[in-house]
Visitor: 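Below you will find the structure I want to go over with you.
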Amino acid sequence: MALLPILSYPDPRLHTVAKPVAVVDERIRALAADMLETMYDAKGVGLAATQVNVHERMLVLDVSEERNQPQVLINPELVWASEDRVKNEEGCLSVPGIFDGVERPARVKVQALNEQGESITIEADGLLSICIQHEMDHLMGKVFVEYLSVLKRMRIKSKLLKAQRELER
């Protein structure tokens with residue numbers, strides 16, 4: 001296993017739409033293991049392949065308190081979303097140090113493949129629902145700050161670009 005570099009907003013690669021995983025094989029299982037290691041190391045609850053510059057439809061997550069219930073979703077598809085919506089504070093490993101409110105459906109149902117290539121269905125609410133929707137957005141090339149006002153996005157972009165410049169010195 002290996003830690004993978006996480007792309008930081010406003011990197012244009014974060015806006016790449018991921019392609020479906022053609023076959024669940026050892027390469028995909030190794031990528032899932034590396035992504036989980038990277039997510040845990042970064043203290044995140046979810047990570048999409050797009051964030052590690054792999055543009056295939058795969059995400060990993062673990063919203064458990066003990067951080068011992070990893071899930072791998074390959075080619076996830078949203079099959080249902082509730083009409084009732086909730087607004088929650090979200091953050092992102094690709095937008096470090098930034099948190100803001102995002103409104104999303106309260107509950108979702110998703111179909112995907114697991115790391116064995118088996119079809120699974122997940123009905124989610126609470127943090128799991130938010131996390132799945134947030135990571136699936138990444139697979140469509142969307143970062144959570146795009147739900148915010150243009151002014152907030154510009155401030156975030158400026159702040160992160162300034163931080164990157166300071167790191168490069």
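The structure displayed is predicted, hence computed values, not measured ones. Here, residue 1 is the first one in the sequence, and each next residue gets the next number. Note that these values count all heavy atoms, side chains included, but never hydrogens, waters or copies made by symmetry.
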Visitor: How long is the gap from CG on L93 to OG1 on T38, to the nearest 0.5 Å?
Guide: 9.5 Å
Visitor: With rounding to the nearest 0.5 angstrom, report the CE to CG distance, M58 to L47.
Guide: 9.0 Å
Visitor: Give the cluster check for I6 versus V95: same hydrophobic cluster or not, with ILVMFWY residues linked at side-chain heavy-atom distances below 4.5 Å.
Guide: no
Visitor: Identify which one of E90, E89, E135 satisfies the salt bridge (charged side-chain N to carboxylate O under 4.0 Å, His left out) criterion when paired with R104.
Guide: E90
Visitor: Any ion pair linking R27 and E56 (charged N to carboxylate O, less than 4.0 Å)?
Guide: yes
Visitor: Atom CD1 in I132, atom CG in L127: separation rounded to 0.5 Å?
Guide: 10.0 Å
Visitor: Step by step, would you call E115 with I28 a side-chain contact (heavy atoms from CB on, under 4.5 Å)?
Guide: CA-CA 8 Å; E115 62 270 32; I28 292 296; over 6 Å; no
Visitor: Working to the nearest 0.5 Å, report the span between CG of L61 and CD of Q69.
Guide: 10.5 Å
Visitor: Once rounded to the nearest 0.5 Å, what's the spacing between atom NZ of K157 and atom CD1 of I98?
Guide: 14.0 Å
Visitor: If you look only at pairs with a residue in residues 119-157, which of them pass as a ring pair (Phe, Tyr, Trp, His ring centres under 6.0 Å), with sequence neighbours excluded?
Guide: H134-H138, H134-F144
Visitor: Tell me which one of L31, V21, V60 satisfies side chain to side chain contact (heavy atoms under 4.5 Å, CB included) with I74.
Guide: V21
Visitor: Drop me the distance from M39's CE to R67's CZ, to the nearest 0.5 angstrom.
Guide: 5.0 Å
